[in-house]
Asker: 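Here's a structure for you.
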Amino acid sequence: MKYWLMKSEPDVFSIDDLKKNKTSPWEGVRNYQARNFMRDDMKKGDIVLFYHSNAKEIGVAGLATVSKESHPDHFAWDKKSKYYDPKSPKENPRWFMVEVKFKEKFPRMVTLGEIKEEKSLKDMRLIQKGNRLSIMPVTKSEYEKIVKMSEK
DNA sequence: GCCAACGTTGGC
DNA sequence: GCCAACGTTGGC
């Protein structure tokens, strides 16, 4: 089993939205590296740190699990979708997505500031300079540390 | 709203 | 294949 961090802008889709919907497709990823993680490496049951970016409060808001493995992002086929991409035809889809399922909302957010201050998390990809990846792998120990931080 | 750091596109 | 121009991400 693997661990992941997935970024979402809470104004668009927050941990509360996921809680309400129970499951959600992770549509709209239009970056090859992030796509490759979803398409090739994410397996059902993997755990996801749900991260709120571009918000008043930035950080890990809770947990989700992968409930459906990679399949074509059909929003790319929908001309009315903001994720429409004519370069991803049905016959040869370019973009893929997984489905995630709500697991829990942390009693309190583990903020980006706290993550930056925590020495044992200094190697997290999240806080490497210039990293804009919206989906990235997280180690087991990083995952466990963040869960622990959410508890106090 | 600003802007640094990327990633993508397209002309050559 | 190079690289300038452009678009996006995301913290502040």
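So you know, we letter chains A, B, ... as the sequences are listed, proteins then strands, and number each from 1.
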Asker: So, using side-chain contact (heavy atoms from CB on, under 4.5 Å) as the criterion, who are the partners of A/A34 when residues are at least two apart?
Answerer: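 Per chain and number, A/A34 pairs via side-chain contact (heavy atoms from CB on, under 4.5 Å) with A/V29, A/N31, A/L133, A/S134, A/I135.
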Asker: Please compare A/N131 and A/N54 by the position of their nearest nucleotide in DNA chain B and report the one closer to 5'.
Answerer: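 Nearest nucleotide further toward 5': that of A/N54.
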Asker: Strictly below 4.0 Å, N to O, side chains only: are A/E114 and A/R108 in salt-bridge contact?
Answerer: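 Yes, this pair counts.
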Asker: Could you tell me the separation between the CZ atom of A/F75 and the CD atom of A/E27, rounded to the nearest 0.5 Å?
Answerer: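 With rounding to 0.5 Å, CZ (A/F75) is 4.0 Å from CD (A/E27).
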Asker: Looking at residues 115-127 of chain A, who's got a heavy atom less than 4.0 Å off DNA chain C?
Answerer: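 The answer is A/K116.
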Asker: What distance separates A/M97 CE from A/H74 NE2, expressed to the nearest 0.5 Å?
Answerer: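 If I round to the nearest 0.5 Å, the distance is 4.5 Å.
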Asker: Assess whether ring pair (Phe, Tyr, Trp, His ring centres under 6.0 Å) is satisfied between A/Y84 and A/W77, documenting all intermediate values.
Answerer: CA-CA 6 Å; A/Y84 174 65; A/W77 306 334; over 10 Å; no
Asker: Residues from residues 74-87 of chain A sitting under 4.0 Å of DNA chain B, heavy atoms only?
Answerer: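 The stretch gives A/K87 as the residues lying under 4.0 Å from the strand, ordered by number.
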Asker: A/W4 versus A/M136: any side-chain heavy-atom pair under 4.5 Å?
Answerer: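 The answer is no, as the side chains (C-beta and beyond) never meet within the 4.5 Å cut-off.
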Asker: Testing the 3.5 Å rule here: is there a donor-acceptor pair between the side chains of A/S24 and A/N21?
Answerer: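 A/N21 and A/S24 do not have a side-chain donor-acceptor pair below 3.5 Å.
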Asker: With clusters built from Ile, Leu, Val, Met, Phe, Trp and Tyr whose side-chain heavy atoms come within less than 4.5 Å, directly or transitively, what are the remaining members of the cluster of A/W95, listed by chain and number?
Answerer: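 Once heavy-atom contacts under 4.5 Å are chained together, A/W95 belongs with A/Y32.
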Asker: Using a heavy-atom cut-off of 4.0 Å to chain A, what are the terminal contacting nucleotides of DNA chain C, in 5' to 3' order?
Answerer: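 Range of nucleotides touched by chain A: C/dG7 to C/dC12.
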Asker: Holding to side-chain hydrogen bond (donor to acceptor under 3.5 Å, both in side chains), I want the full list of residues that pass it with A/D16, two or more places apart in sequence or in another chain.
Answerer: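 side-chain hydrogen bond (donor to acceptor under 3.5 Å, both in side chains) check on A/D16 returns A/K105.
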Asker: When rounded to the nearest 0.5 angstrom, what is the spacing between NZ in A/K19 and NZ in A/K103?
Answerer: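 Output value for this atom pair is 14.0 Å.
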